[in-house]
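Please read the structure below before turning to the comments.
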Amino acid sequence: MDVRHTREASQADLAAVNGASTAAAVRVGKQLKVSYVLTGTVEEYNTKGSATLKTQLVEVATGKVKYTVELSHQSPKELRTGGDVEMKTYVLLPITLRLAETLTAELL
């Protein structure tokens, strides 16, 4: 589920879902009828080409955090503008793909 569906289903402040409490994530997970909810925050975002993402995977049935991970990525090339397109292409996409690989390996 993406953020739009999460917001619609939860009618809740997304800051609460991504915060320290897992209760909001469990509530959203139950409303969406999913087994897990991935929450996270961008801890660092530097338009010169780096970002750090801190996430946790919450098991809806138990309310327990099943897995936490903090991933950082530095663009392999110097960004010319530091704009949205460059940041998405060279920083956020690679970090998201690494997160998907990490979670897949952890859960399988």
Do V37 and T39 have side chains that approach each other closer than 4.5 Å (heavy atoms only, starting at C-beta)?
yes

CD of E43 to CG of L53, rounded to nearest 0.5 Å, is 8.5 Å

Contacts of type side-chain hydrogen bond (donor to acceptor under 3.5 Å, both in side chains), residue S35, not counting sequence neighbours:
none

Does CD belonging to E44 count more than 12 external heavy atoms closer than 6.0 Å?
yes

Flag side-chain contact, heavy atom, 4.5 Å: Y90 against H73
no

Using a 4.5 Å cut-off on heavy atoms from C-beta on, say whether the side chain of V60 contacts that of K30.
yes

To the nearest 0.5 Å, atom CD of E78 lies from atom NZ of K48 at 10.0 Å

Just one of V69, T55, L97 clears the side-chain contact (heavy atoms from CB on, under 4.5 Å) bar with T102, so which one?
V69

NZ of K54 to CD of E70, rounded to nearest 0.5 Å, is 5.5 Å

Do T104 and E101 meet the criterion of a side-chain donor-acceptor pair at a distance under 3.5 Å?
no

In Å and rounded to the nearest 0.5 Å, what is the CD to OG1 distance from E59 to T22?
11.0 Å

Just so I know, are the side chains of I95 and L99 near enough to count as touching, which here means a heavy-atom distance under 4.5 Å?
no

L92 side chain near Y45 side chain, heavy-atom distance below 4.5 Å:
yes

Does some side-chain heavy atom of V42 sit less than 4.5 Å from a side-chain heavy atom of T52?
no

Look only at the side chain of E86 and the backbone of R80, and say whether a donor-acceptor pair between them is shorter than 3.5 Å.
yes

With the side chain counted from C-beta on, respond yes when V65 and Y67 share a heavy-atom pair under 4.5 Å apart, and no when they do not.
no

Using side-chain heavy atoms (C-beta onward) and a distance below 4.5 Å, is L79 in contact with T47?
no

What is the distance from atom CG of N46 to atom OG of S75, rounded to the nearest 0.5 Å?
11.0 Å

Atom NZ in K66, atom CG in L103: separation rounded to 0.5 Å?
11.5 Å

